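First the structure, in the form of structure tokens, and then the observations on it.
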Amino acid sequence: MRAMRTWLAACCVACLTIAVSPGVPAALGIAGDRYEEVKDWPKLPASMPLGECAGVAVDKQGHVLIFHRPGRGFDPNATTLLPDPAILEVDAQSGALIRSWGENTFRVPHGISVDADDNVYLTDVGLQQVFKFSHDGKPILALGERRKGGWDGSHFNEPTDIQIRPDGTFYVSDGYVNSRVAIFDKSGREIHEWGRKGK
């Protein structure tokens, strides 16, 4: 899975080259330890420019989910929501857009992960929140107080990423301002945390 994430990050951020690692499915047309140019991937409509790609994940169908910042760079102080869809679901082989969602929902997209049920977990550095959505973009869970940073079981300060355990509990790396990793149960209740600021 780490090799897949590395390949996808290179593919989305560079949009021209992909990192090729052992273990990446042959269905993606990749073999060996080398780099291979992939032109015109992804193939998006002209009306949908690809912004800064903050994160990528792969769903159960092998589709690539891109969490991007259309029309915005990394600006934690951004004051407006992104009007365009921040989530793009793309066919891994053809690069064709399957669906998009998340317009007027995010400020500064950052981390993305997909669980065994194809739910999508996201972090937003500008909103100071962690989210869980259904695969088609319906909100399921929101953690953290909107636009208010802090360090406790109900606050984050520029959270960066999520990793999900097989039992549905999940880790949040928090993050740019805080210096901790927190683990939550499936309902979003904090179980434990560790880490602190250094000198």
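Remember, it's a predicted structure, so these values are computed and weren't measured experimentally. Note that these values count all heavy atoms, side chains included, but never hydrogens, waters or copies made by symmetry. By convention here, the first residue in the shown sequence is residue 1.
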Would you call Glu158 and Arg180 a salt bridge, taking side-chain N to carboxylate O under 4.0 Å as the test? no
- Item | Lys/Arg N to Asp/Glu carboxylate O, Asp118 vs Lys60, below 4.0 Å | no
message: With side chain to side chain contact (heavy atoms under 4.5 Å, CB included) as the criterion, how do Val130 and Ile162 come out once you've worked through the C-alpha distance, each side chain's angles and the decisive distance to 0.1 Å?
response: CA-CA 8 Å; Val130 173; Ile162 310 105; 4.1 Å; yes
At their closest point, which heavy atom of [X] faces which heavy atom of [Y], and how far apart are they?
X	Y	answer
Gln129	Ala142	NE2-CB, 4.3 Å
Ile164	Ser113	CD1-CB, 3.8 Å
Ala54	Arg69	CB-NH2, 3.5 Å
Asp161	Gln163	OD2-NE2, 4.1 Å
Pro159	Val172	CB-CG1, 4.1 Å
Ile66	Cys53	CG2-SG, 3.9 Å

How far does [atom1] of [X] sit from [atom2] of [Y], to the nearest 0.5 angstrom?
X	Y	atom1	atom2	answer
Thr169	His192	OG1	NE2	12.5 Å
Gln128	Glu145	CD	CD	10.0 Å
Leu141	Tyr121	CG	OH	7.5 Å
Asp152	Glu190	CG	CD	8.0 Å
Lys186	Asp115	NZ	CG	10.0 Å

Practice problem: Take Ser179 and Arg196 through the test side chain to side chain contact (heavy atoms under 4.5 Å, CB included) and record every step on the way to the result. | Solution: CA-CA 5 Å; Ser179 303; Arg196 58 183 178 151; 5.7 Å; no
Treat each ILVMFWY residue as a node, draw an edge where side-chain heavy atoms are under 4.5 Å apart, and state whether [X] and [Y] are in one component.
X	Y	answer
Trp41	Met48	yes
Val56	Val90	yes
Leu127	Val177	no
Val38	Leu88	yes
Ile98	Trp101	no

Does [Y] offer a backbone N or O that forms a donor-acceptor pair with the side chain of [X] under 3.5 Å?
X	Y	answer
Asn178	Gly150	yes
Asp124	Arg107	yes
Arg99	Glu89	no
Ser94	Ala96	yes
His63	Asp91	no

Grouping ILVMFWY residues whenever side-chain heavy atoms fall under 4.5 Å, the cluster of Val181 otherwise contains Tyr171, Ile183, Ile191, Trp194
- Message: As a quick check of understanding, evaluate side chain to side chain contact (heavy atoms under 4.5 Å, CB included) for Asn157 and Tyr176, giving each step before the final call.
- Response: CA-CA 7 Å; Asn157 210 332; Tyr176 281 113; over 6 Å; no
Would you say NZ of Lys197 has more than 12 non-hydrogen atoms from neighbouring residues, nucleotides or ligands within 6.0 angstrom? yes
ask   = Near Lys43 NZ, under 6.0 Å, is it more than 12 heavy atoms from other residues, nucleotides or ligands?
value = yes
[Y] side chain reached by [X] side chain, heavy atoms, under 4.5 Å:
X	Y	answer
Leu50	Pro42	yes
Val58	Leu65	no
Leu143	Ser154	no

Side-chain donor-acceptor pair under 3.5 Å between Thr123 and Thr160, yes or no? no
Inset, instruction - Could you check Phe156 against Trp151 for ring-ring contact (aromatic ring centres under 6.0 Å, His included), going step by step and ending with a plain yes or no? - result: CA-CA 6 Å; Phe156 304 99; Trp151 184 325; over 10 Å; no
Report the C-alpha distance between Glu103 and Thr105 in whole Å, list the side-chain angles of each, state the deciding distance to 0.1 Å, and finish with yes or no for side chain to side chain contact (heavy atoms under 4.5 Å, CB included).
-> CA-CA 5 Å; Glu103 58 272 19; Thr105 305; 5.8 Å; no
Should the ring pair Phe131 and Phe106 be called parallel, tilted or perpendicular, given that the plane angle runs from 0 to 90° and is split at 30 and 60? perpendicular
* To do: Check step by step if side-chain hydrogen bond (donor to acceptor under 3.5 Å, both in side chains) holds for His135 and Asn119.
  => CA-CA 5 Å; His135 194 266; Asn119 296 307; over 6 Å; no
Table please: side-chain donor-acceptor pairs of residues 74-87 below 3.5 Å, with sequence neighbours left out.
{"from": "Asp75", "atom 1": "OD1", "to": "Asn77", "atom 2": "N", "distance (Å)": "3.2"}
{"from": "Thr80", "atom 1": "OG1", "to": "Arg72", "atom 2": "NH2", "distance (Å)": "2.8"}

